[in-house]
Amino acid sequence: MTFVVVSPPLSVRGARIAFGDRVVASDLALEFPAGRTTCLLGRSGVGKTSLLRWLAGLLPGTERAQPLAYMAQRDLLLPWLDILGNVLLGYRLRRDAAALRTAEPRARALLAEVGLGDRLGDRPEALSAGMRQRAALARTLCEDRSVVLMDEPFGHLDAVTRLELQDLAARLFTGRTVVVVTHDPLEALRLGHQVRVLTGTPFTVGLPIEPSGPVPRDASDPELLGLQGQLIAQLRRTASGSVP
Amino acid sequence: MRPLITAIGLLLAWEALAWATGVPVYILPPPSRVGVVLVERFDLLMEQAVWTAAEMVLGLILGLILGAALAVVFAASAGWRRWALPLVIVSQAIPVIAIAPLLVLWLGYGMASKVAMAALVIFFPVVSTLYDGLRRTDPGWLDLARTMDAKPRAVLLQIRLPAALPAFASGARIAAAVAPIGAVIGEWVGASAGLGFLMTQSLARGQTPLAFAALFLLCLLGLALYHATDRAARRLVPWQSPQGE
């Protein structure tokens, strides 16, 4: 399935993210290129999730810049709805009956595309963790937003399932402005047109790293593995710098 | 199986105690004597049991509806919560047995006062468990709904309320367990029918075995009500607690 998507870039200027006295980021300027996937890589606790929640308008006192779709690490499927109902959740919550009717065929097609075409009527509890995350991917896509934010979407899956879902996501999100937060350098290098490393407290964002080739990139590509080594070294350096 | 063996063992011990000590029947009748009365006065007992069961079931339904409605109103509106929540708490600070005579005075000796009494006992566990459940919605779901531009009422009805149903189910189970208290207190204070009424009448006339037979049926009624509620709750809320992972 293809969508004609005209995606805007997402830009951040002079942003300050703080929880009380704890400043996560200040005077932040960032540009996420339109129609591309940007991966934000950083160690746990550096503030990647805060940045993503800030972009999504989920932090207190924040407003998001434009409509977007958000995918968290947990699938967040509602256990009392079947899979189709979960994928259409946004339309149900906006109480837009007309949009719900037009979205339903799309939801079915998306579920078929993520390999759940025969599980539409199942409850989430009947599905494996990987399948539930596929359903969450379909729900995120069904929102049909040009900007998509994902917070470690495949972090708790086993390695093989994770690779499969990365391939699926890269294919399905083509043309959208996507921001993926991850602590896995390989995931960032496979999915991101751009990879940016977050380091320090308050964090600073490194210059864009742009590996060659289309996404999803082959995990066994020597260039990718070389870059992975560099990224890991960079992440470790910053850690040893921050420990007194 | 094990509860049955325990029950039979207790009954045998009670029987042995009654015979060994020679306690008069009007003080402590042996279970065999209660059993005989249960069979002999079966029609009378069933008539009263049906009456009491009706009071309990109607009280439970009324209490559940009232409790659920209040909990939803409290969750939806801070204004209502601030004004009415203290009243709800005060209503529970008054022992129900203290207002039982008033309810009988206002609503009469018939069924209405007992249903009101049962509903009064029941609605509080329902309000508190459901309201608690409505406040403890998984924040991940609420975040997701916010990014989807959800209408507040849709979030309440389609996320917070279903998410609180397991809490409501445990409230309903507590309610079913205490429903007999309300009904029977009402019958003791003033009634013209029911198992509680039969107990006070038979005790006053020295027919202690009949009072025990009524008590036995009351116990069965309470158990049946609890199990029916438990089964209904399981069917209504088949999913697991969401934060289980």
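Every heavy atom of this structure was used, including side-chain atoms; hydrogens, water molecules and symmetry mates were not. Numbers restart at 1 for each chain; the letters A, B, ... are given by sequence-line order, proteins then strands. All values reported here derive from a predicted model rather than from experimental measurement.
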Tabulate below the donor-acceptor pairs under 3.5 Å that side-chain atoms of residues 70-79 of chain B make, not counting sequence neighbours, or state none.
unit_1, atom_1, unit_2, atom_2, d
B:S77, OG, B:G79, N, 3.4
B:S77, OG, B:W80, N, 3.0

Side-chain contact, heavy-atom cut-off 4.5 Å: [X] with [Y]?
X: B:D143; Y: A:L76; answer: no
X: B:Q158; Y: A:L81; answer: no
X: A:R145; Y: B:M148; answer: no

Go through the atoms of A:R92 and report whether side chain, backbone, both or neither lie under 4.5 Å from a heavy atom of chain B.
->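 For A:R92, the contact with chain B is made by backbone and side chain together.
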
Between A:L149 and chain B, which part of the residue has a heavy atom less than 4.5 Å away: side chain, backbone, both or neither?
-> neither

Residues of residues 214-221 of chain B within contact distance of chain A, non-hydrogen under 4.5 Å =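 Listed by number, there are no contacting residues, so the answer is none.
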
Is atom CZ of A:F19 surrounded by more than 12 heavy atoms (other residues, nucleotides or ligands) closer than 6.0 Å?
-> yes

Please indicate whether B:R135 has more than 12 foreign heavy atoms, meaning atoms of other residues, nucleotides or ligands, lying under 6.0 Å from its CZ.
-> yes

Give the minimum heavy-atom separation between B:W141 and A:P79, together with the two atoms involved.
->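 Looking at all heavy atoms of both residues, the shortest contact is CZ2-CD, 3.6 Å.
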
Take A:R139 and B:L144 through the side chain to side chain contact (heavy atoms under 4.5 Å, CB included) test and state the conclusion after the steps.
-> CA-CA 11 Å; A:R139 180 188 60 207; B:L144 182 67; 3.6 Å; yes

How many angstroms lie between CG in A:L93 and CZ in B:R153, if you round to the nearest 0.5 Å?
->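 A:L93 CG to B:R153 CZ: 14.5 Å, rounded to 0.5 Å.
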
Can you say whether B:L165 sits under 4.5 Å from chain A via the side chain, the backbone, both, or neither, judging by heavy atoms?
->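 Neither; nothing under 4.5 Å.
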
Listed partners of B:R173 passing salt bridge (Lys or Arg N to Asp or Glu O under 4.0 Å), at least two apart | B:D230

For chain A, the option from B:V155, B:I159, B:L157 that forms the most heavy-atom pairs under 4.5 Å | B:I159

Please tabulate, for side-chain N and O atoms in residues 55-65 of chain A, each donor-acceptor pair with protein atoms closer than 3.5 Å (sequence neighbours left out).
unit_1, atom_1, unit_2, atom_2, d
A:T62, OG1, A:L59, N, 3.2
A:T62, OG1, A:L59, O, 2.4
A:R64, NE, A:Q66, O, 3.2
A:R64, NH1, B:T147, O, 3.4
A:R64, NH1, B:D149, OD1, 3.4
A:R64, NH2, B:D149, OD1, 2.8
A:R64, NH2, B:D149, OD2, 3.2

